[in-house]
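Right, one structure below, let's go through it.
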Amino acid sequence: MKIYNTLSKSKEEFLPLEEGKVKMYVCGPTVYNFIHIGNARPMIVFDTVRRYLEYKGFEVNYVSNFTDVDDKIIKKALEEGVDSSVISKRYIEECKKDMEGLNVKPATKNPLATEEIDGMLEMIQTLMDTGHAYKAVDGTVYFKTRSFPGYGKLSHKKLDDLQAGHREIKVVGEETKEDDLDFVLWKPKKEGEPYWDSKWCKGRPGWHIECSVMAKKYLGEQIDIHAGGEDLIFPHHENEIAQSEATNGKEFAKYWMHNAFLNIDNKKMSKSAGNFFTVREISEKYDLQVIRFFMLSAHYRSPLNFSAELVEASKNGLERILTAVDHLNHLLEGKEEPEITEKEKELLVSAKEYGSKFEMAMEDDFNTADAISAVFELVKFINTNSDGGNSVFYLQKLKAMLLQYCDILGIIAEREKGLLAEDVEALIAERQQARKEKNFARADEIRKELLEQGIVLEDTREGVKWKRA
């Protein structure tokens, strides 16, 4: 199995630190709002990596954090007049709902920054004791970047060419740095902000320190895979390496994986450009399984363009798979158990070829685009080589193969038994009556009920039309 390692800028054979086990850390979101469609890509990509590793028999300890103390969270809390924990708890729950909709498996552990403060204080003190950090006059604690000789090895930047990475809102005390490249480990509190006691000042941690601490606590001083979006390479992951390796005296992560950006209609996603979408907003138009399928339709290191046309193409592609499973289920209905024939045995051997193609694609740096192509080849084989005359064993084997490969991709390939057409029509009639009676609350409730069942209503001049999402 080959993985592209950002650290070496090359594909490397995957050899875990401990045989049969994988320690994997994936940077999670800052929970100040609903997650956006860009957040969904690393969630889906690295969930798929995890799924494949588990399919290959590895025991995967998968840790992904929630940053629940941050300038953006504090800003939103002040706007709403509530404690910042109210904001973070709200959006952690909403994030989990979206992740469930995207069929992202729960992490082994989702640590919270606010619950790991003691570990951060301990790591910062170690860095100070070893000469890698210092306290400024106002109590801000900085990492002394030039004290770590390997700084820049992940981003492949030369130290003298670098500019210190900043968050959107600058922190108190930046003017007290000894060097522009130094970054914050601990910062003094401001009015209205949450804070914790420390020997340096009442304050809160910098952004980067939390992941170093959480990875060490839940995975150990050395981990197999550290992953996230490519925007995290510098400064976040570069700073993590410096903190962790300066503290532990060991290589922090063996393999660094980063997914490329998601663009919207060939433009960078931003609120100012009017092309910023949350997963929740997208879910009102598309089944989130379609979105997952779309995200996997390109190699994770390739930029991915989100457009209505491309998502529709993914929707149609997913429908081909669902229809193939429907076909097999129909053939299996009420079928007795005739013995498998010699021809069917030969066909099953041929079908395994697509499984080999699937695995070859996934073993080559998790090339999900080629893996999906192998799934489509299997679908074509199933449609061509299955009918009412086949044995139960043969049909079940084909179905199991298709479902297994889809499950590795996190694609649910069997439809949920939804509402029957007559049930939909009855609810539409009830909605129409409610509207006539000006009971708009009930009318809206019915629309929502149908949408939750995957039924989209369209009010047209010719009346109400509906379709399955």
Side-chain angles (χ1 to χ4, degrees), residues 3-10 12 23-30 38 42 46 63-65 67 70-71 113 116 119-120 123-124 126-128 130-134 140-171 174 177-187 205-216 219 221-261 300-301:
I3 294 179
Y4 182 87
N5 191 350
T6 307
L7 194 64
S8 65
K9 297 179 76 172
S10 64
E12 299 178 9
K23 294 183 284 187
M24 189 170 178
Y25 188 94
V26 180
C27 287
T30 300
F46 299 117
V63 176
S64 186
N65 68 306
T67 297
D70 177 88
D71 293 322
E116 306 297 337
M120 296 182 212
M123 182 173 283
I124 293 169
T126 299
L127 290 169
M128 292 190 74
T130 53
H132 291 289
Y134 62 92
T140 304
V141 180
Y142 291 102
F143 184 89
K144 192 181 293 186
T145 300
R146 293 184 191 274
S147 73
F148 181 69
Y151 197 85
K153 64 182 177 180
L154 182 69
S155 54
H156 305 286
K157 298 175 185 288
K158 292 181 180 179
L159 200 61
D160 290 334
D161 296 335
L162 291 173
Q163 293 295 320
H166 299 306
R167 304 306 304 270
E168 285 185 9
I169 302 171
K170 289 190 176 182
V171 299
E174 281 195 341
K177 290 180 180 182
E178 292 179 0
D179 188 313
D180 284 343
L181 291 176
D182 297 344
F183 58 89
V184 174
L185 299 173
W186 187 265
K187 50 192 171 184
W207 176 37
H208 312 295
I209 192 73
E210 64 179 271
C211 290
S212 287
V213 169
M214 293 172 184
K216 181 178 180 178
L219 296 171
E221 293 182 347
Q222 293 182 288
I223 65 175
D224 294 291
I225 298 172
H226 198 314
E230 66 179 6
D231 56 315
L232 298 179
I233 296 172
F234 182 82
H236 185 51
H237 287 166
E238 195 74 72
N239 291 353
E240 276 190 68
I241 289 174
Q243 294 163 162
S244 296
E245 296 189 2
T247 299
N248 303 321
K250 299 175 182 177
E251 181 183 44
F252 177 34
K254 196 171 180 184
Y255 304 92
W256 288 85
M257 299 181 70
H258 295 94
N259 65 274
F261 288 118
Y300 75 91
R301 287 191 289 111

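Values in this document were obtained by computation on a predicted structure and should not be read as measured data.
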**Q.** Approximate separation, where rounding is to 0.5 Å, of Leu232 CG and His208 NE2
**A.** 10.0 Å
Q) Pro42: what forms a side-chain contact (heavy atoms from CB on, under 4.5 Å) with it, not counting sequence neighbours? A) Phe46, Asn259
Q: Working to the nearest 0.5 Å, report the span between CD1 of Ile209 and CG of Leu185.
A: 5.0 Å
Q: Say whether, by atom type as modelled, one donor and one acceptor occur between the side chain of Asn65 and the main chain of Cys27 under 3.5 angstrom.
A: no
**Q.** Closest non-hydrogen atom pair, Lys187 against Pro205
**A.** CE-O, 3.7 Å
**Q.** Partner set under ring pair (Phe, Tyr, Trp, His ring centres under 6.0 Å) for His258, not counting sequence neighbours
**A.** His237
Q: Please name all residues satisfying side-chain contact (heavy atoms from CB on, under 4.5 Å) with Ala215, sequence neighbours left out, ordered by chain then number.
A: Tyr25, Phe252
Q: List for me each residue that meets side-chain contact (heavy atoms from CB on, under 4.5 Å) alongside Glu12, sequence neighbours excluded, and say none if there are none.
A: Asn5, Ser8, Ser10, Tyr255
Q. Yes or no on side chain to side chain contact (heavy atoms under 4.5 Å, CB included) for Ile241 and Trp256, after CA distance, side-chain angles and deciding distance?
A. CA-CA 11 Å; Ile241 289 174; Trp256 288 85; 3.3 Å; yes
Q: Evaluate the side-chain proximity of Thr6 to Ile233: yes if any heavy-atom separation is below 4.5 Å, no if none is.
A: yes
Q) For Ser212, what residues pass the side chain to side chain donor-acceptor pair (under 3.5 Å) criterion, not counting sequence neighbours? A) Gln243, Ser244
Q | Closest non-hydrogen atom pair between Lys177 and Asp180, with its separation | A | NZ-O, 3.4 Å
Q: Quickly, which of Asp182, Thr140, Leu127 forms a side chain to side chain contact (heavy atoms under 4.5 Å, CB included) with Tyr134? Name it, please.
A: Asp182
Q.
Is it the case that the side chain of Glu238 and the backbone of Gly152 share a donor-acceptor pair, with hydrogens and angles ignored and the cut-off at 3.5 Å?
A. yes
Q | Of Met123, Glu116, Met120, the residue whose pairing with Glu210 passes side chain to side chain contact (heavy atoms under 4.5 Å, CB included) | A | Met120
Q. For Met128 and Val141, what are the C-alpha separation, side-chain angles and deciding distance, and is it a side chain to side chain contact (heavy atoms under 4.5 Å, CB included)?
A. CA-CA 9 Å; Met128 292 190 74; Val141 180; 4.1 Å; yes
Q. Going through the checks in order, is the side chain to side chain contact (heavy atoms under 4.5 Å, CB included) test met by Ile225 and Lys23?
A. CA-CA 6 Å; Ile225 298 172; Lys23 294 183 284 187; over 6 Å; no
Q: List in chain and number order the residues that pass salt bridge (Lys or Arg N to Asp or Glu O under 4.0 Å) with Asp231, two or more places apart in sequence or in another chain; answer none if no residue qualifies.
A: none
Q.
Run the side-chain contact (heavy atoms from CB on, under 4.5 Å) test against Ala242 and tell me which residues pass, sequence neighbours left out.
A. Phe143, Phe148, Tyr151
Q | Residues which pass salt bridge (Lys or Arg N to Asp or Glu O under 4.0 Å) with Arg146, listed by chain and number, not counting sequence neighbours | A | Asp160, Asp179
Q. Who passes side chain to side chain donor-acceptor pair (under 3.5 Å) against Thr247, sequence neighbours left out?
A. none
Q: For His132, check side chain to side chain donor-acceptor pair (under 3.5 Å) against everything at least two apart and list the hits.
A: Ser147
Q.
Could you work out, with side chain to side chain donor-acceptor pair (under 3.5 Å) as the rule, every residue matching Tyr4, not counting sequence neighbours?
A. none
Q: Kindly state each residue pair satisfying salt bridge (Lys or Arg N to Asp or Glu O under 4.0 Å) with at least one member in residues 239-258, sequence neighbours excluded.
A: Lys153-Glu245, Glu221-Lys250
Q.
Any side-chain to backbone donor/acceptor pair from Thr145 onto Leu181? Under 3.5 Å, distance only.
A. yes
Q.
Pair Met24, Asp224 - check side chain to side chain contact (heavy atoms under 4.5 Å, CB included), show working.
A. CA-CA 6 Å; Met24 189 170 178; Asp224 294 291; over 6 Å; no
